[in-house]
Amino acid sequence: MTRLRAASLGFGVVFGFVLAWSRLAEPRVIHDMLLLRSPYAYEIMASVVGICFVAIRLLERRRPHALLTGRPVVVERVRPARRHVLGSVLFGLGWSITLACPGPIAVQVGQGFFWGACTLAGVLVGIRAYLWREERRARVTADAVFSPSA
Amino acid sequence: MRSDLLAQAPWYVAGPLMALVVLGLFVVVGERIGVVGGFSSIVERTSLGRPLGWKAWFVVGVLTGGAAFSAVTEHWRVHEQYYWLQGRVGEAGLAPVLVLGGVCIGYGAKAAQGCTSGNGIGGCSVGSPASIVATATFMATAIASAFVWSWLS
């Protein structure tokens, strides 16, 4: 296994372990979050974003290079587009139904939660459907560019 | 240690640990955290023959981390009920509802270029306007929808 794969796997294990320990992979905890009964999940998100926001800005000043790849680390700050809103509405609907988002879904599957596997199946289908739509768009664009005009 | 893990992690422990993962990926791999990207890499590998990206290994790690937690605490969730949803739609209806919800999550996250990890944690941490808009949108939608489902049931 390459060092990049090993590092990615290692970070994932830590992330999954903490998600499980914080119970964010349990529907009840997410339900309490979305119904504004408990600040717990918001406290976690706020602390992660707060710590990283400051740390990344300090790191950027040093023009860091990734330790494993040596490539300059480029922080992307993207302008919002319609896709970010529409996609997020759909994502939010799905999240409110399943009470699990992709990270917790992976944890659920790891913990042997059968219903988590059902949600994961849907996630994979949804991703494939999106990729199919993008392929179709690319083909239509290519046809329009390369087809001779009438 | 096992008794500590049986209790829910305090937010001031879980948050900084997750921040270490976000920062670790940034410094070591040079990339933003993201989970749906990992699932997408696996889908692209199996259906389009593209090579597996680092995020696929990250997702395998997340799954493994969940399994490791269950192994350490000796608490697996094989026969667990699905909270209030199972009582509302019954066992026969639960799988199709979860699959449908999953489709919305997968398609929506790809369209929005990230999920709660990618946009909510990673993107907001770097101050990306698109991630901030996406996060605000999916949070508002999820909260409003949760209240609607709760009212309807």
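Letters go in sequence order (proteins before strands), and every chain restarts at 1. All of these numbers come straight from a predicted model, not from anything done at the bench.
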Quick check for you: among [options], which has the greatest number of heavy-atom pairs under 4.5 Å with chain A?
options: B/Val133, B/Val78, B/Val28; answer: B/Val28
options: B/Ser125, B/Gly101, B/Ala67; answer: B/Ser125
options: B/Gly66, B/Ser40, B/Gly30; answer: B/Gly66
options: B/Ala95, B/Ser150, B/Ala144, B/Ser131; answer: B/Ala95

Under 4.5 Å heavy-atom distance to chain B, tell me which part of [X] shows up: side chain, backbone, both or neither.
X: A/Val54; answer: neither
X: A/Leu4; answer: side chain
X: A/Ile105; answer: side chain
X: A/Val75; answer: side chain
X: A/Leu120; answer: side chain
X: A/Arg57; answer: side chain
X: A/Leu59; answer: side chain
X: A/Leu124; answer: both
X: A/Glu76; answer: backbone

_Parallel, tilted or perpendicular: which one describes the rings of A/Tyr130 and B/Tyr107, with boundaries at 30° and 60°?_
perpendicular

*Below 4.5 Å, heavy atoms only, C-beta onward: do B/Pro129 and A/Arg79 meet side chain to side chain?*
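Counting from C-beta outward, B/Pro129 and A/Arg79 never come under 4.5 Å.
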
_Under a plain distance cut-off of 3.5 Å, with no hydrogens placed, do B/Trp11 and A/Ser47 share a side-chain donor-acceptor pair?_
no

*Out of curiosity, B/Phe26 CZ to A/Glu60 CD, how far, rounded to the nearest 0.5 Å?*
5.5 Å

*Closest heavy-atom pair and its distance - A/Ser22, B/Gln8*: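 That closest heavy-atom pairing would be O-NE2, 2.9 Å.
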
*So what's closer than 4.5 Å to chain A heavy atoms on B/Tyr83: side chain, backbone, both or neither?*
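Only the side chain of B/Tyr83 comes within 4.5 Å of chain A.
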
